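Following: one structure in structure tokens, then a few remarks.
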Amino acid sequence: MNRLFHSESKAEGACGTASGALFAEAKTLIPGGVNSPVRAFRSVNRPPLFIQSADGAYMTDADGNRYIDYVCSWGPAILGHNHPVVREAVCKAAQSGLSFGAATEAEVVMARLLTSLVPALEMVRMVNSGTEATMSALRVARGFTGRDKIVKFAGCYHGHSDALLVKAGSGLLSEARPDSAGVSAACARDTLVARYNDLDSVSRLFERHKGEIAAVIVEPVAANMGVVLPAEGFLVGLRSLCTAAGALLIFDEVITGFRLGLGGAQDLFGIAPDLSCFGKIIGGGMPVGAYGGRRAIMEMVSPAGPVYQAGTLSGNPVAMAAGIAQLGFLRDHPEIYPALEKTADALFTGLAEIAQQKGAHCVINKIGSIGSLFWTDEPVFDLDSAMKADTARYAAYFNFMLEQGIYQAPAQFEAMFISAAHTQIEIDKTLTACASGAFCP
Ligand SMILES: *Cc1c(COP(=O)(O)O)cnc(C)c1O
């Protein structure tokens, strides 16, 4: 049997495993057996792993198999899994009670940390997920501008709120269509979809909808169609288009925040968005999100202003302790960022060289400690070019690597994440595993 398709036999045999047994029961209790779709491994044609524990750069599944993990909980585990500083902060906070439904000092400490590190953040509101952060930021943008329409980019993901779960209509300039059952056409109608890295597509929307657009929301580095970098001038161009039109620019930094550096993408590219959204890393592994920005805009938020937004568990003391510990550690060890980038470079350059030696066509998009390997030979700069990637090849590659103990994103159009716990040892193991596989048809 071709080693590439070895995974099929594993998939059949998975019935006899602890992960297989858990998945069988999970499917009867939880839709699709998972609490978030990507975990079901459908894009890579194999049953999912159930994870028992994780430490540093490694995860261990319910069958005791150990993997080098390049998902890192989709970003939060930037220091590696189970980092002692974060774990101890959580245990300590838990001793004092899990939730009060009242204001705490930890929330002030967190807000001070975030606003001191992120350039365009003057005020910030804590929420419980990235989805809540983007959904709330849009409401504030609408409240502040008195306008209804928003612009998003095809291929950018901002969580699962109705207005953002849309796709481009038949023509790029047409209104968006729901991208999920259950999203009403009315909800999709106020969302306009532009092309990533295409400023013209944005200025045409501004022309067509003069005075109607409240905000443009963008991943300053797209990481949910695989990693796609902003072209030279793209973010600056968005900034000027928004300013000229009186619309707000919202950076969704749920992945890039504290990933591309302490100041996020806005610091790296030197652009000041009006509002920014955070999640993932800022919770240190706990469910945390945040949105914030210019004071005059954030003072619109209830109870200071008329835009309602609330949360029973927002600013939860245990979650704040985890986030404060992780962000504080990053702030006190800024040398982590160049080290992360060096590790990521070694990994991605190594993978690209191996693919080239094997005569396989692949494109690597990377920045800082995130990156994607697309199985295509054309540059990937937007959703259409990303969609040219060979997803069957990715599934074969993923399955082969998993068999070798390397856990990567279980879908072509997701980013890979490197943590501070990944060392040259893990990179070497990964490259050796990759070199032992056959990725050509
Ligand atoms: C993950 C993600 C979100 C949604 O965050 P959740 O915590 O999963 O709700 C929003 N925006 C971006 C860019 C993301 O990657």
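As the structure is a computational prediction, the values presented were derived from the model and not from experiment. We count residues from 1, following the sequence as given. Numbering of ligands and ligand atoms starts at 1, following listing order.
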Where ligand 1 meets [X] - atom numbers and elements under 4.0 angstrom, heavy-atom basis:
X	answer
Glu219	13 (C)
Ile255	15 (O)
Ser129	7 (O), 9 (O)
Asp252	10 (C), 11 (N), 12 (C), 13 (C)
Thr131	4 (C), 5 (O), 6 (P), 9 (O)

| field | Whether Lys280 lies under 4.0 Å from ligand 1, heavy atom | value | yes

| query | In the protein, what heavy atom is nearest to atom 5 (O) of ligand 1, and what distance, to one decimal place, separates them? | reply | Gly130 CA, 3.2 Å

| query | Just wondering, more than 12 heavy atoms not from Glu25 lying within 6.0 Å of its CD? | reply | no

| field | Pair Asp345-Lys366, salt bridge (charged side-chain N to carboxylate O under 4.0 Å, His left out): steps then yes or no | value | CA-CA 8 Å; Asp345 282 350; Lys366 69 172 165 61; 2.9 Å; yes

| Heavy-atom donor-acceptor pair, Thr191 side chain to Ala163 backbone, under 3.5 Å | yes

| said: For the backbone of Ala222 and the side chain of Tyr196, can you confirm whether one donor and one acceptor N or O come within less than 3.5 Å of each other? | reply: yes

| request: Check each heavy atom of His158 against ligand 1 and say whether those closer than 4.0 Å belong to the side chain, the backbone, both or neither. | output: backbone

| query | Can you find an N/O atom of Asn224 closer than 3.5 Å to an N/O atom of ligand 1? | reply | yes

| query | Below 3.5 angstrom, do we get any N/O pair linking Thr134 and ligand 1? | reply | no

| query | Do Gln309 and Arg125 meet the criterion of a side-chain donor-acceptor pair at a distance under 3.5 Å? | reply | yes

| Residues two or more places apart in sequence or in another chain: which of them pass salt bridge (Lys or Arg N to Asp or Glu O under 4.0 Å) with Asp55? | none

| query | For the ring pair Phe234 and Phe153, is the centre-to-centre distance below 6.0 Å? | reply | yes

